[in-house]
Amino acid sequence: MTRYRSAAPTADWSPSLTPCTSPPAAFILYEPILLGGPVGGDAIAPSRRPSRQAPSSMPSPWLRNFLKFPDEAIEEFRQTPFWAIRASMTLTWDREMRAMDSFGDDLTSFATLTIPALLVIGELGPRRLTDASRRLHKALPDARFVEIPGEAHDAFPIGPHALADALTADLPH
């Protein structure tokens with residue numbers, strides 16, 4: 001099986017894939033949603049993209065069925081610049097949710113990872129995600145844990161400076 005590493009996103013936010021020839025030096029995980037599943041579960045089937053659905057509307061079923069967004073919140077989100085980014089990502093969500101569901105809740109396999117990891121959560125992130133991140137932190141042998149005050153699950157687009165500060169806190173200046 002060939003592993004791939006995502007290269008820099010192209011102008012349409014689609015990553016190009018290049019073969020990965022070495023293991024990663026470290027992991028940075030922001031509120032990973034792989035524990036306590038199912039993550040996608042029954043929400044996957046009704047969220048699948050109908051063949052004639054416009055790419056710009058693809059996030060709607062996911063936001064409605066998986067994240068339980070009300071229609072008003074979906075319409076509000078549609079007006080933000082992040083909508084197009086999310087729309088470009090929805091083509092793989094179905095497969096990704098199924099993969100996350102397959103992890104189950106057993107953390108013993110993570111105890112063998114020797115790669116350093118940084119687990120980051122937002123103080124206001126969903127409890128399901130922050131609790132899973134704390135459990136994963138305890139299971140990983142070489143992990144640091146950082147909580148970003150005042151941020152939620154969307155710190156990467158909403159609080160990028162706070163996230164950057166958390167990621168670089170221990171680096172020499």
Side-chain angles (χ1 to χ4, degrees), residues 5-6 9 13 15 24-44 46-47 58-111 113 115-171:
R5 174 181 320 203
S6 179
W13 290 89
F27 289 110
I28 298 173
L29 305 169
Y30 191 89
E31 294 182 1
I33 55 174
L34 57 94
L35 303 172
V39 176
D42 294 337
I44 294 173
S47 300
M58 288 191 297
S60 296
W62 277 102
L63 295 172
R64 184 176 301 107
N65 299 323
F66 175 65
L67 296 176
K68 308 298 186 204
F69 274 31
D71 287 338
E72 304 80 40
I74 293 172
E75 190 51 42
E76 186 177 317
F77 183 44
R78 186 187 301 273
Q79 305 309 314
T80 71
F82 304 114
W83 183 267
I85 295 167
R86 291 290 186 213
S88 72
M89 297 165 62
T90 58
L91 292 172
T92 61
W93 283 356
D94 184 58
R95 183 188 70 222
E96 292 166 11
M97 292 298 159
R98 289 184 197 286
M100 285 187 277
D101 283 355
S102 73
F103 280 115
D105 208 32
D106 183 8
L107 298 177
T108 55
S109 62
F110 292 98
L113 291 176
I115 297 170
L118 172 63
L119 281 93
V120 182
I121 66 169
E123 172 190 23
L124 307 174
R127 186 169 182 109
R128 175 181 181 188
L129 302 182
T130 58
D131 287 351
S133 296
R134 285 184 176 89
R135 288 185 53 227
L136 185 56
H137 172 245
K138 289 177 185 173
L140 291 168
D142 187 7
R144 280 189 322 114
F145 188 84
V146 176
E147 182 175 303
I148 305 172
E151 294 297 335
H153 185 60
D154 54 1
F156 53 97
I158 304 297
H161 297 291
L163 179 57
D165 290 346
L167 297 178
T168 59
D170 291 339
L171 296 178

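Heavy atoms only: backbone and side chains are in, while hydrogens, waters and symmetry mates are out. Source: prediction; values computed, not measured.
- Annotation for Ala162 and Ile148: closest pair CB-CG2, 3.7 Å, computed over non-hydrogen atoms.
- Between Trp83 and Phe77, the angle of the ring planes goes over 60°, which puts this pair in the perpendicular group of the 30/60° scheme.
- Formation of a donor-acceptor pair under 3.5 Å by the Glu123 side chain with backbone atoms of Gly150 is found in this model.
- We find the CD-CD1 distance between Gln79 and Ile74 to be 12.5 Å, quoted to the nearest 0.5 Å.
- Separating the OG1 atom in Thr130 from the CG atom in Leu124 is a distance of 10.0 Å, to the nearest 0.5 Å.
- The heavy-atom pair separating Ala143 from Leu119 by the smallest distance is CB-CD1, 4.0 Å.
- Summarising the geometry of Pro116 relative to Ala25, their closest heavy-atom pair is CD-O, 3.4 Å, with the distance given to 0.1 Å.
- Pro141 and Ala111 get closest at one heavy-atom pair: CG-O, 3.5 Å.
- The main-chain N or O of Leu163 is never found under 3.5 Å from a side-chain atom of Glu151 such that the two would form a donor-acceptor pair.
- For the salt bridge (Lys or Arg N to Asp or Glu O under 4.0 Å) test, residues two or more places apart in sequence or in another chain that qualify with Glu147 are Arg134.
- Within 6.0 Å of the CD atom in Glu76, the count of heavy atoms belonging to other residues, nucleotides or ligands does not exceed 12.
- If you take CZ on Arg135 and CG on Leu140, they are separated by 11.5 Å, rounding to the nearest 0.5 Å.
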Residues Leu167, Tyr30; criterion side-chain contact (heavy atoms from CB on, under 4.5 Å); working and verdict: CA-CA 10 Å; Leu167 297 178; Tyr30 191 89; over 6 Å; no

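- No side-chain heavy atom of Ser133 sits less than 4.5 Å from a side-chain heavy atom of Leu29.
- For Gly125 against Glu31, the heavy-atom pair with the smallest separation is CA-OE2, 3.5 Å.
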